Amino acid sequence: MAAKSCQEGHPAEAFGWAARDQSGVLSPFKFSRRATGEKDVAIKVLFCGICHSDLHMIKNEWGISSYPVVPGHEIVGQVTGVGSKVEKFKVGDKVGVGYMVGSCQSCDSCHDDLENYCPEVIVTSGGKYHDGATTYGGFSDIMVADEHYVIRIPENLPLDAGAPLLCAGITVYSPLKYYGLDKPGMHVGVVGLGGLGHVAVKFAKAMGIKVTVISTSPKKKQEALEHLGAHSFLVSRDPDQMQAAMGTMDGIIDTVSTMHPLFPLIGLLKTQGKLVLVGAPEKPLELPVFPLITGRKIVGGSSIGGIKETQEMIDFAAKNNITADVEVIPMDYVNTALERLSKSDVRYRFVIDIGNTLKN
């Protein structure tokens, strides 16, 4: 009840769409947001991407959801108000909010600009804010966020196609950088050609890396090679193709969020190669140890990125004309879009036109 009473004390009337139960069906929802504090930025939401983790949250597939859930953490919009101590932004600026809106600001991770790994990180949707209120995401008309967690959107980056970079973009950019897979001339595999995978191809190419798309579907080959410009394509279910590519890759970014075998992927790595998981399957994957030992290979993970790195990623994207391939939809199409997303029926990211189609 505490969270509810905190929410009721908030003065800024807001309107969005929320899931009320595990059916995950969204419907119109009136709520309120806090007043703009001295370090806060008030934002009119213009676009919000739909991420696969929104699906997990509205259906409580991770077991952490508390209803109602207003999803959305790929948020772009325009600043409508700033607190008295805000230094980074002014009214009229184009800005974004990603997966988190708060952290403790005192732990080692926060000091190292890795707020995303803070034990007390506050997620943008379905978290608990410092005052105990539930955080509601970007499927709504307004946002209020501490300026530290707000990203500046460069003028030349389209807002609709740029929105997914705030989650999908940083989720693949960060591991490429951290695991040293960003050196020109390297060979990196990208598993899965969905919302994350297609952006991973674009970032890797802009870094000067040879990219191979690895997919279960032969139908993705033309798209990968001709549209996205990947250098090669592997059907993971074709033993001959996989055998021919054994030991050829410096690293692999695995974006798949369903159950799949890791053994064939580890085989594709060179000695001391790195397999980095950024998808989040509901159940544990089986990890074969022998090929790791015999090739001094690494299986690692990565989750979004800190605020400093997210800003760096957005600036890199703007400089290199990297955007997501998006299907822009009206707000009242959202339930159909979520159904289609669950069947991977989108190329490659749905983005909701909040500014023009969210009607109270």
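All values derive from a computational prediction rather than experimental measurement.
With respect to the salt-bridge test (charged N to carboxylate O, under 4.0 angstrom), the residues R349 and E74 qualify. Salt bridge R347/D325: absent, no basic N to carboxylate O contact under 4.0 Å. A salt bridge does not link K88 with E147: every distance from a Lys NZ or Arg NE/NH1/NH2 to an Asp or Glu carboxylate oxygen is 4.0 Å or more. The pair R33-D141 does not count as a salt bridge, with every side-chain nitrogen at least 4.0 angstrom from each carboxylate oxygen. Residues E120 and K128 are not paired through a salt bridge, judged by the lack of any N-O separation under 4.0 Å between the basic side chain and the carboxylate. Ionic pairing of D250 and K270 is present here: one or more N-O contacts between side-chain nitrogen and carboxylate oxygen are shorter than 4.0 angstrom.
The neighbour count for E13 CD, taken as heavy atoms of other residues, nucleotides or ligands under 6.0 Å away, does not exceed 12. Heavy-atom neighbours of N156 CG from other residues, nucleotides or ligands within 6.0 Å: above the threshold of 12. Few gaps surround CZ on R20; more than 12 heavy atoms of other groups in view lie less than 6.0 Å from it. For K183, the NZ atom sits in a packed shell: over 12 heavy atoms of surrounding residues, nucleotides or ligands are nearer than 6.0 Å.
Not counting sequence neighbours, K283 has no partner by the side chain to side chain donor-acceptor pair (under 3.5 Å) test.
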| Intermediate values then yes/no, salt bridge (Lys or Arg N to Asp or Glu O under 4.0 Å), R152 and D315 | CA-CA 9 Å; R152 179 177 303 282; D315 294 341; over 6 Å; no
| request: Apply the test side-chain contact (heavy atoms from CB on, under 4.5 Å) to residues Y173 and E312: give CA-CA distance (whole Å), side-chain angles for both, the deciding distance (0.1 Å), then the verdict. | output: CA-CA 10 Å; Y173 179 89; E312 177 191 303; 2.6 Å; yes
| task | Start with the C-alpha distance between K177 and E309, add both sets of side-chain angles, then the distance that settles side-chain contact (heavy atoms from CB on, under 4.5 Å), and finish with yes or no. | result | CA-CA 10 Å; K177 299 284 284 191; E309 190 176 43; 4.0 Å; yes
| message | Between S125 and V70, is the side-chain contact (heavy atoms from CB on, under 4.5 Å) condition met? List the steps. | response | CA-CA 6 Å; S125 167; V70 177; 5.6 Å; no
| Step by step, would you call Y348 with E223 a side-chain hydrogen bond (donor to acceptor under 3.5 Å, both in side chains)? | CA-CA 11 Å; Y348 283 98; E223 181 76 9; 3.2 Å; yes
| request: Evaluate side-chain contact (heavy atoms from CB on, under 4.5 Å) for L157 paired with I314, printing each intermediate quantity in order. | output: CA-CA 9 Å; L157 193 68; I314 282 284; 4.1 Å; yes
| request: Please step through side-chain hydrogen bond (donor to acceptor under 3.5 Å, both in side chains) for the pair T212 and H231, ending with a clear verdict. | output: CA-CA 6 Å; T212 295; H231 299 87; over 6 Å; no
| task | Step by step, work out the side-chain hydrogen bond (donor to acceptor under 3.5 Å, both in side chains) result for E115 and Y149. | result | CA-CA 9 Å; E115 303 93 338; Y149 303 92; 5.8 Å; no
| task | Begin from the C-alpha positions of E339 and N335 and carry the test side-chain hydrogen bond (donor to acceptor under 3.5 Å, both in side chains) through to its verdict. | result | CA-CA 6 Å; E339 260 179 60; N335 288 309; over 6 Å; no
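Put simply, the side chain of S174 never gets that close to the backbone of T171: no donor and acceptor are under 3.5 Å apart.
Using a 4.5 Å cut-off between side-chain heavy atoms of Ile, Leu, Val, Met, Phe, Trp and Tyr, with links allowed through other members, V95 and I352 fall into the same hydrophobic cluster.
Under the side-chain hydrogen bond (donor to acceptor under 3.5 Å, both in side chains) criterion, the residue pairs touching residues 57-69 are H56-E61, N60-S65, with sequence neighbours excluded.
L55 places a side-chain heavy atom less than 4.5 Å from the side chain of L338. L292 is not listed as a side-chain neighbour of I298, based on a closest heavy-atom distance of 4.5 Å or more. For the pair L277 and I253, the minimum side-chain heavy-atom distance is 4.5 Å or more. Taking the side chain as every heavy atom from C-beta outward, L193 and V201 approach each other to under 4.5 Å. Within the 4.5 Å cutoff, the side chain of K274 has no heavy atoms near those of the L269 side chain.
Contact between S53 and H73 at its shortest, heavy atoms only, is OG-CE1, 3.1 Å. Smallest separation of non-hydrogen atoms from G81 and T36: O-CG2, 4.4 Å. The heavy-atom pair separating F139 from G49 by the smallest distance is CE1-O, 3.8 Å. Closest heavy-atom contact between Y129 and V101: CE1-O, 3.7 Å.
Rounding to the nearest 0.5 Å gives a distance of 8.5 Å between CE of M242 and CE of M246. One distance of note links CG of N116 with SG of C110; it measures 9.0 Å at 0.5 Å rounding. In this structure, NE2 on H52 lies 5.0 Å from CG on L341, to the nearest 0.5 angstrom.
Relative ring orientation between F203 and F316 is described as parallel, the plane-to-plane angle staying below 30° on a 0-90° scale split at 30° and 60°.
When each of I304, V191, T255, D254 is tested with V278 by the rule side chain to side chain contact (heavy atoms under 4.5 Å, CB included), just one qualifies, namely T255. Under the side chain to side chain contact (heavy atoms under 4.5 Å, CB included) test applied with P71, the options I58, T124, V334 reduce to a single match, I58.
Separation of the F31 and Y136 ring centroids falls under the 6.0 Å cut-off.
Under the 6.0 Å distance and 45° angle rule, R340 does not count as a cation-pi partner of F350.
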